[in-house]
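All ligand and atom numbering here is 1-based and tracks the order in the structure.
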Amino acid sequence: MKKFALAVSALCLSVSAVAAADDPIAVRKAIMQANAASAGLAGAMMKRELEYNPAIAKAAILTLSASAKSFGDFFPEGSGDGDTTAAPAIWGDAAGFQAALDKYMTDTAAAVEASGKDGPADLAAFQAAIGPVFGNCKSCHENFRVQNN
Ligand code: HEC
């Protein structure tokens, strides 16, 4: 239960950090932290460390979907320098980055669609809905993130 409360507050903190910041690097990192919190919640339910809860499952999916829609707005020219792990390919291969964003948006929108009004009915339905979303984390990081940490 403690873990659950921590995960939910991590989600809320990340989202308020997004609202407060005006630095694009800080905003995009905060969006990614919200992703990590959602992925953590989802993983805990899949590993049965956390009892499955359809409303929490849906909140995690909605957070990922919101992140997919906004993330691409925080990469202005020149924001590749500084305290960031964004790879130069984001600007050098803008079409490729856009394609990765588009795929992420498509996959998260499908997960929202599959989760219905009250969230996925059970763990199997949740896994089926969110599974394809997680492939995006790895593929985008491999191509568009510098692995220096
Ligand atoms: C479309 C590309 C893309 C997708 C999809 C994506 N990421 Fe990222 N992620 C990035 C980039 C780019 C950065 C580096 C941001 C920076 O440092 O400016 C990053 C950074 C991060 C960070 C580090 C944030 C920090 O504070 O430095 C975490 C954690 C993270 N991503 C988790 C995830 C998870 C979990 C998913 C899947 C649910 C995901 N990401 C999906 C591109 C992506």
Side-chain angles (χ1 to χ4, degrees), residues 3-4 6-50 52-115 119-120 123-149:
K3 205 171 213 168
F4 170 78
L6 278 175
V8 171
S9 62
L11 212 66
C12 298
L13 272 177
S14 306
V15 173
S16 56
V18 170
D22 59 0
D23 159 10
I25 295 177
V27 175
R28 67 201 190 209
K29 283 183 172 180
I31 292 172
M32 281 290 145
Q33 290 298 330
N35 274 353
S38 296
L41 267 178
M45 288 193 284
M46 287 176 192
K47 284 188 251 159
R48 295 186 162 72
E49 291 167 4
L50 195 67
Y52 181 67
N53 178 316
I56 299 295
K58 186 165 184 183
I61 287 173
L62 288 174
T63 301
L64 293 167
S65 168
S67 93
K69 287 182 198 152
S70 60
F71 189 59
D73 294 345
F74 299 98
F75 293 88
E77 279 295 337
S79 66
D81 295 323
D83 185 15
T84 173
T85 57
I90 289 174
W91 297 273
D93 177 17
F97 186 55
Q98 189 58 52
L101 286 170
D102 287 345
K103 182 177 181 304
Y104 189 41
M105 279 188 265
T106 303
D107 289 352
T108 50
V112 171
E113 185 74 29
S115 70
L123 193 57
F126 179 48
Q127 268 170 321
I130 206 169
V133 170
F134 288 137
N136 289 268
C137 315
K138 191 164 180 282
S139 64
C140 189
H141 289 175
E142 275 171 5
N143 293 318
F144 299 106
R145 190 170 174 219
V146 180
Q147 306 295 335
N148 65 352
N149 56 357

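- Taking both residues in full, the closest heavy atoms of Y52 and P120 are given as OH-O, 2.6 Å, listed atom of the first, atom of the second, then distance.
- The backbone N or O of I61 lies less than 3.5 Å from no partner atom in the side chain of S65, so there is not a single donor-acceptor pair.
- Listed by number with element, the atoms of ligand 1 under 4.0 angstrom from any heavy atom of C140 are 1 (C), 2 (C), 3 (C), 4 (C), 5 (C), 42 (C), 43 (C).
- Between Q33 and ligand 1, a contact under 3.5 Å exists for at least one N or O pair.
- Listed by number with element, the atoms of ligand 1 under 4.0 angstrom from any heavy atom of F144 are 12 (C).
- Taking the six-membered ring for Trp and the full ring otherwise, the centers of F75 and F97 sit less than 6.0 Å from each other.
- The CD1 atom of I130 sits 7.5 Å away from atom OG of S38, with the distance rounded to the nearest 0.5 Å.
- Each of the following atoms of ligand 1 lies closer than 4.0 Å to a heavy atom of R28: 16 (C), 18 (O).
- Checking only distances, T85 does come within under 3.5 Å of ligand 1, N or O to N or O.
- Closest heavy-atom contact between L64 and N35: CD2-OD1, 3.2 Å.
- In this structure, I90 is part of the shell of residues with a heavy atom less than 4.0 angstrom from ligand 1.
- Heavy-atom separations between L101 and ligand 1 include at least one value shorter than 4.0 Å.
- In the vicinity of C137, heavy-atom distances shorter than 4.0 Å reach the ligand 1 atoms 34 (C), 35 (C), 36 (C), 37 (C), 38 (C), 39 (C), 41 (C).
- Residue contact annotation: F71 has a non-hydrogen atom under 4.0 Å from ligand 1.
- Less than 4.0 angstrom separates some heavy atom of L64 from each of these atoms of ligand 1: 38 (C).
- Remark: side-chain polar atoms of K29 are paired, donor with acceptor, to backbone N or O of D83 under 3.5 angstrom.
- Between S67 and Y104 there is a side-chain heavy-atom pair separated by less than 4.5 Å.
- For the pair R28 and T84, the minimum side-chain heavy-atom distance is below 4.5 Å.
- For H141 atom NE2 and M32 atom SD, the angle they make at atom 8 (Fe) of ligand 1 is roughly 170°, to 10 degrees.
- Listed by number with element, the atoms of ligand 1 under 4.0 angstrom from any heavy atom of T84 are 16 (C), 17 (O), 18 (O).
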